[in-house]
Amino acid sequence: MLKIQNLQARVENGTQILKGIDLEVKAGEVHAIMGPNGSGKSTLCQVLGGRDGYEVTGGSVDYLGQDLFELETEERAREGLLLGFQYPVEIPGVKNIYLLKEAYNAQRKHRGEPEADTFQFLKLVREKLNTMQMDESFLHRAVNVGFSGGEKKRNEILQMLVLEPRLALLDETDSGLDIDALKVVSEGVNKLRSPDRAIVLVTHYQRLLSHIEPDFVHVLSDGRIIKSGDKTLAHELERNGYHGIIEEAA
Amino acid sequence: MSANALSQHYAEQVQHLQQSLPGSLPDWLAGRRDGAARRFADAGFPDPRMEEWKYTNVRPIATKPFGEAPVDTGVSAADVSALGFQGLDAYRMVFVNGRLRTDLSDLNGLPDGATVQGLGDAISHDPAPLEPILGTLAHDRFSSFTALNMAFMNDGALVRLARNVRLDRPVHLLMIGTAGNAASWSHPRILIHAGEGAEATVIEHYADIAGAQGFTNTVTELRAEAGAQVRHYLLQDHADGAYHVGSVFIQQRRDSRVISHNVNLGGRLVRHDLNVDLTEPGAEIVLDGLFLAGGRQHVDTHTRVHHSSPNTTSRERYRGIGQGHGRGVFKGRVLVERGAQKTDAQQHSANLLLSPNAEIDTKPELEIYADDVKCAHGATVGQLDTTSLYYLRSRGIGEQEAREMLVFAFADEVLERMDLPPVRESIEARLAARLPGGQAFETGA
Ligand SMILES: Nc1ncnc2c1ncn2[C@@H]1O[C@H](COP(=O)(O)OP(=O)(O)OP(=O)(O)O)[C@@H](O)[C@H]1O
Ligand SMILES: [Mg+2]
């Protein structure tokens with residue numbers, strides 16, 4: 001589904017952040033990416049999302065048989081690559097429901113399907129709200145404006161549930177969640193799991209991984225994946241931190 | 001036209017005017033008119049050396065020999081419904097090139113104590129009640145345009161409500177310019193007098209048949225007596241070649257509340273002055289405004305809020321959008337008099353530039369002579385937020401559409417406070433049509 005080879009990228013001031021990432025994600029898999037602060041996890045997500053301000057200096061990314069970098073940000077999303085932001089953006093004046101509907105219809109249009117009927121769409125959204133244990137009033141508030149940290153993260157997953165990505169890339173969706181919210185969000189993510197979809201979770205905590213069991217765990221450090229393993233790697237990190245692994249890799 | 005030829009032209013216009021006025025004017029009105037004509041002849045059009053006209057050069061108006069519009073009977077009921085607001089239930093007066101068309105108007109069912117009348121008609125048949133209001137709020141010396149209007153006005157509207165009368169429907173004044181009006185001007189005068197405790201909504205609406213290029217010079221005088229509540233919509237959606245100068249004067253007594261919605265979408269050269277005098281305690285004004293300056297449009301709004309009495313409140317929120325080579329100006333003056341303690345004045349102006357060639361100047365001006373007051377102001381000029389744009393696109397929304405969503409969101413923060421959904425929706429659609437790629441947005445939404 002996603003094949004990243006030797007991906008290198010730098011930011012506008014010229015600093016190289018990604019120094020050769022290799023990662024392959026197949027349909028049906030769940031991958032977790034862990035790693036110290038500033039190691040490049042969000043940068044990787046944003047480069048895959050197509051955000052301005054990053055320059056790809058080497059390597060390639062293949063997504064569903066296409067060169068990912070040939071696609072505009074919105075085309076990537078319509079092809080099912082969705083990014084859950086570490087810091088969801090507040091958009092004053094744009095109602096949550098409006099964003100959901102436009103995004104949903106953009107995707108349908110892309111697939112050559114007719115626009116959703118408003119009634120059906122609302123029914124769908126209500127069901128997803130229910131899963132995320134969010135009140136309907138959130139639909140009529142401006143996107144993320146005045147939402148608490150946890151509410152913003154729930155809102156990201158709500159969008160995922162409505163848009164049903166083929167590949168969900170979740171950047172620290174668990175940060176800032178209380179224990180109950182973590183359960184709700186995990187449940188939402190688990191609903192996305194299916195044999196023809198894949199999920200990449202960026203997280204700092206093993207806690208999330210006990211709710212959403214990963215098939216693979218990778219450690220990203222200083223712009224490279226320095227170790228990969230199964231879920232036991234996360235336990236090891238929880239116990240010993242990154243220190244040993246980083247030294248071992250050096 | 002040379003300056004000499006032009007003054008000759010205007011002298012003739014004045015002469016022509018004296019002959020064409022309805023019957024015999026009462027002395028007070030004849031006097032005010034004469035005075036105004038003389039004042040205009042003395043002062044001429046404002047020029048950019050004057051502080052208040054620094055950003056707006058009215059040369060395109062001042063160098064054209066405008067004259068009275070031909071009577072245009074071509075406008076039909078179909079035009080009226082195309083230019084009007086779908087689904088708006090209103091008392092309606094339609095004007096074509098400044099003249100009332102009773103055949104297109106509908107004032108049936110007005111409640112007792114409510115007068116809604118053509119001003120030409122009021123002047124001809126019953127001018128006495130006009131004396132305490134016509135020309136009393138709008139001074140000739142305010143600007144040459146006010147004087148010009150006083151000198152040349154021959155029609156417009158009078159909305160007068162007796163004590164505690166509540167108008168059940170808004171009054172829609174639809175002013176239509178036609179394509180045949182290229183060299184013509186009109187000087188509508190709108191008088192709104194809400195008696196004690198009265199309530200009304202008046203929509204002053206300028207719209208054109210495509211191709212109109214006339215010059216509309218309006219003056220509005222609005223007096224809200226104690227406890228009155230008035231909503232005043234000033235909607236300017238002229239054709240691209242039209243000129244518009246609008247001067248609004250609002251005077252408020254004790255505990256009255258006036259809400260002004262001022263939207264500027266069309267026109268080639270547009271200048272609005274909104275002057276508010278809060279003369280007694282408890283008076284509150286809300287000034288909401290939105291302007292779009294695109295193409296080669298020049299749109300200038302000046303507001304002046306005068307807190308001349310204690311315990312008065314003003315809330316002002318203006319938003320401007322610049323695109324193409326558009327030029328926008330917003331200048332908001334707040335004057336708090338020495339005795340006006342407990343004044344609560346807030347002004348905010350936010351502006352969005354969508355193109356590198358657009359320009360918007362925004363300038364708050366606070367003059368405060370009282371010490372126990374709450375005054376706040378803010379002014380910003382910026383571009384679309386790239387992070388928001390990226391976020392929307394990351395959800396699959398196309399770039400163009402995402403831009404429109406954000407521009408819309410920006411405008412809607414002002415429009416959403418309109419209490420008439422048919423008006424708000426229509427303005428949104430007209431705004432959308434004027435944004436790049438807007439037509440597609442309209443049909444696709
Ligand atoms: N636009 C930018 N300009 C300069 N430096 C940047 C920019 N974006 C990212 N960086 C730097 O790149 C490095 C990697 O940042 P990134 O956000 O990818 O880290 P992360 O692994 O997600 O960290 P965290 O766990 O704290 O979220 C950091 O040192 C950061 O300061
Ligand atoms: Mg990060």
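Chain identifiers are assigned alphabetically (A, B, ...) following the order of the sequence lines, protein sequences preceding nucleic acid strands; residue numbering begins at 1 within each chain.
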Problem set entry | Cation-aromatic face contact Arg395(B)/Tyr391(B), 6.0 Å, 45 degrees |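 Pair Arg395(B)/Tyr391(B) counts as cation-pi.
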
Exercise. Cation over ring, Arg327(B) on Tyr55(B), under 6.0 Å and within 45°?
Worked result: no

Exercise. Which atoms of Glu399(B) come close to chain A, meaning under 4.5 Å heavy atom to heavy atom: side chain ones, backbone ones, both, or neither?
Worked result: both

Can you tell which part of [X] gets under 4.5 Å to a heavy atom of chain B, answering side chain, backbone, both or neither?
X         : answer
Glu79(A)  : neither
Leu83(A)  : both
Arg51(A)  : both
Gln107(A) : neither

For this session: Please determine which of Phe291(B), Tyr318(B), Tyr233(B) meets the ring-ring contact (aromatic ring centres under 6.0 Å, His included) test together with His261(B).
Result: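 Testing His261(B) for a ring-ring contact (aromatic ring centres under 6.0 Å, His included) against Phe291(B), Tyr318(B), Tyr233(B) leaves exactly one candidate, Tyr233(B).
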
Exercise. Relative to the ring of His172(B), is the ring of His205(B) parallel (under 30°), tilted (30 to 60°) or perpendicular (over 60°)?
Worked result: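 The arrangement is parallel - the two ring planes meet at less than 30°.
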
Exercise. Should the ring pair Phe138(A) and Phe147(A) be called parallel, tilted or perpendicular, given that the plane angle runs from 0 to 90° and is split at 30 and 60?
Worked result: perpendicular

Problem set entry | Residue among Asn105(A), Leu82(A), Leu99(A) with most heavy-atom pairs under 4.5 Å to chain B | Leu99(A)

